[in-house]
Number of protein chains: 2
Amino acid sequence: MLSTIQVLRRFNRTYTQRIGVLDESFLGLGLPLSSARLVFEIGAEGAGVGDLRSRLGLDSGYLSRLLRSLEERDLVTVEPDPADRRRRTAILSPSGRRLLEQLEQRSEDLAHRLVAPLTERQRARLSEALGTADLLVRAATVSLDEVDPAGSRATAAMGHYFAELDRRFPGGFDPGAPTPPDSFTVATSDGRPVACGGVQQIGAGIGEVKRMWVDPAWRGAGLGSRLLRHLEGVAADAGHRVVRLDTNGTLSEAIAMYERAGYTSIERYNDNPYAELFFEKALP
Amino acid sequence: MLSTIQVLRRFNRTYTQRIGVLDESFLGLGLPLSSARLVFEIGAEGAGVGDLRSRLGLDSGYLSRLLRSLEERDLVTVEPDPADRRRRTAILSPSGRRLLEQLEQRSEDLAHRLVAPLTERQRARLSEALGTADLLVRAATVSLDEVDPAGSRATAAMGHYFAELDRRFPGGFDPGAPTPPDSFTVATSDGRPVACGGVQQIGAGIGEVKRMWVDPAWRGAGLGSRLLRHLEGVAADAGHRVVRLDTNGTLSEAIAMYERAGYTSIERYNDNPYAELFFEKALP
DNA sequence: CAACTTGTCTGACTGAGGTCAGATAGATTG
DNA sequence: CAATCTATCTGACCTCAGTCAGACAAGTTG
């Protein structure tokens, strides 16, 4: 029986040899690979230069040069951002958009050719396997960052949380004027918040986990328990011996997860009108 | 519901962003990536230069230069093959073998770090998904080549076939002095024959599929039916209207496959002492 | 054994990909 | 408003990766 790591390494070799070419399908349209990738990354909506730099992990000088060469070929226009004229935004020109379509097409053709020898049933198996692998690999590479509890990343993530509560609670949800917790963690994947949660002191040696949320598309990938473990670590570092949390009966997945994580039901400890269930766990 | 192609393309993006780094783990040991890959490919047992060329898909001049640079660093020795002194074989020196170990270690560490955030169950799911994807991707990218029926590739593949018959038949198997068929197809993956089969005229408009074999590790991936379809095409191109084949009752997987492919049982049409069952299919 | 084929090597050259050290223009802050 | 910081750009430079043409030695064939 092979270990996950052996399977992963074996797959990696298979993959780079055979599917890796999907990327190189960008070649042959008269553009070097990195320029083609850049066109792909700018996309139909355009993107900020700094944004591109971080997404592609390129040196600022190098990226600048790539953009200049795309401009010379009339594929891209770069314009200053009106709000902050130091920043610039790259947008595809009409011919750039045509090129993007060709790139998409080629990549699709190649994918098509790759699965062509498989029967319908095998394709379905492959789809399912790759879909599972995709979710798990994404889940494994989500980065958990502690952010400023009053900053924009925290606010944006909390927005998703409040919006979901509002959708799920029969009478809607009114966050009022929320006070930021002592510490706030955001889980990000591809630049988007996919989960979040805060920790706040509510008594001597007692921390509370607040505003914990996981994007619905990401549930079942273990992200919730990972985040919860992380938040318990944050609480422990802050000197708490116990963590508590409250929740609403509607949020059944969350409740199941708290129980799996070793939380036990306790009496009401606050006057949160939306809370119906209360949990506690002693930190090791 | 996403199509296989969409899933594949999505996975490809996830993958190149996150696992693609497994390869670059070869960097940082003072060797450029291609040299490191070459050391990896030479492996502990050494490898022929031509073999390396085809496995890595490199230009002969480029490969030669890479080998020279590894020789200069005392990582590799290249020696002529005693049987054919044009051919040369690359072998790792002791320090080359140490380097290979370091490369393996790094790649393993990286894979380990990647799966570390997953729970045991998730890792098992990932293993299974990647294993399935690996088999299917390999099966999809096997290349079917028509080779010289009397050449070395055909002989090597047939050797596997005869060896398996010898293992499986109660009284063993004696191929005698086999005459090469009119046409022979070998399916190759990573330079190894994984399946083969020949077509021979045995009457006016009648072709026979002979010596068809699929590597046991590859059964269940649809390779057999794909090869059979290919051989039927070869027979049709040769002007045959019907294909026949004979087989032994021991080879139950093969028999099931012939039936699935639309073959029907017929009377004995030859005096092959090992054959017990006879099939026929009309070509469209 | 002459003519060919095959396997590897050498030399000359190219472009992609990337780094680093400033320069410059716009924003922010005391 | 001077000083500082930030986002981007320019110029100089370097290595890696790869191609192509041809040389050459060893093997094969008529």
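Each chain gets a letter, A, B and so on, in the order its sequence line appears, and its residues count up from 1.
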### Query
Would you call B:Arg113 and B:Asp109 a salt bridge, taking side-chain N to carboxylate O under 4.0 Å as the test?
no
Whole-Å distance separating the [atom1] atom of [X] from the [atom2] atom of [N]:
| X | N | atom1 | atom2 | answer |
| --- | --- | --- | --- | --- |
| B:Arg53 | D:dG18 | CZ | C1' | 15 Å |
| A:Leu58 | D:dA7 | CG | C1' | 16 Å |
| A:Leu66 | D:dG11 | CG | C1' | 16 Å |
| A:Leu38 | C:dG17 | CG | P | 11 Å |
| B:Arg88 | D:dA26 | CZ | C1' | 12 Å |
| A:Leu70 | D:dC9 | CG | P | 12 Å |

#### Entry: Phosphate OP1/OP2 of D:dT8 contacted by A:Ser60 side-chain N/O (<4.0 Å)
no
#### Entry: Given DNA chain C, 5'-ward residue of the pair B:Gly48 and A:Tyr62, judged by closest heavy atom
B:Gly48
### Task
Using atom types as modelled and distance alone, determine if a side-chain donor or acceptor of B:Ser95 lies under 3.5 Å from a backbone N or O of B:Asp74.
yes
Should the side chain of [X] and the base of [N] be counted as holding a donor-acceptor pair, with the cut-off at 3.5 Å?
| X | N | value |
| --- | --- | --- |
| B:Arg85 | C:dG7 | no |
| B:Arg86 | C:dT6 | yes |
| A:Arg65 | D:dG11 | yes |

### Query
Where the side chain of B:Arg68 is concerned, which of C:dT8, C:dG17, C:dT10 is the nearest nucleotide?
C:dT10
## Note on the structure
Ranking C:dG7, C:dT19, D:dC9 by distance to the side chain of B:Arg87, first place goes to C:dG7
### Task
Would you mind classifying the nucleic acid contact of B:Gly61 as base, sugar-phosphate or nothing, using non-hydrogen atoms under 4.0 angstrom?
base
### Message
Please classify the nucleic acid contact of B:Asp59 as base, sugar-phosphate, or nothing, using heavy-atom distances under 4.0 Å.
### Response
base
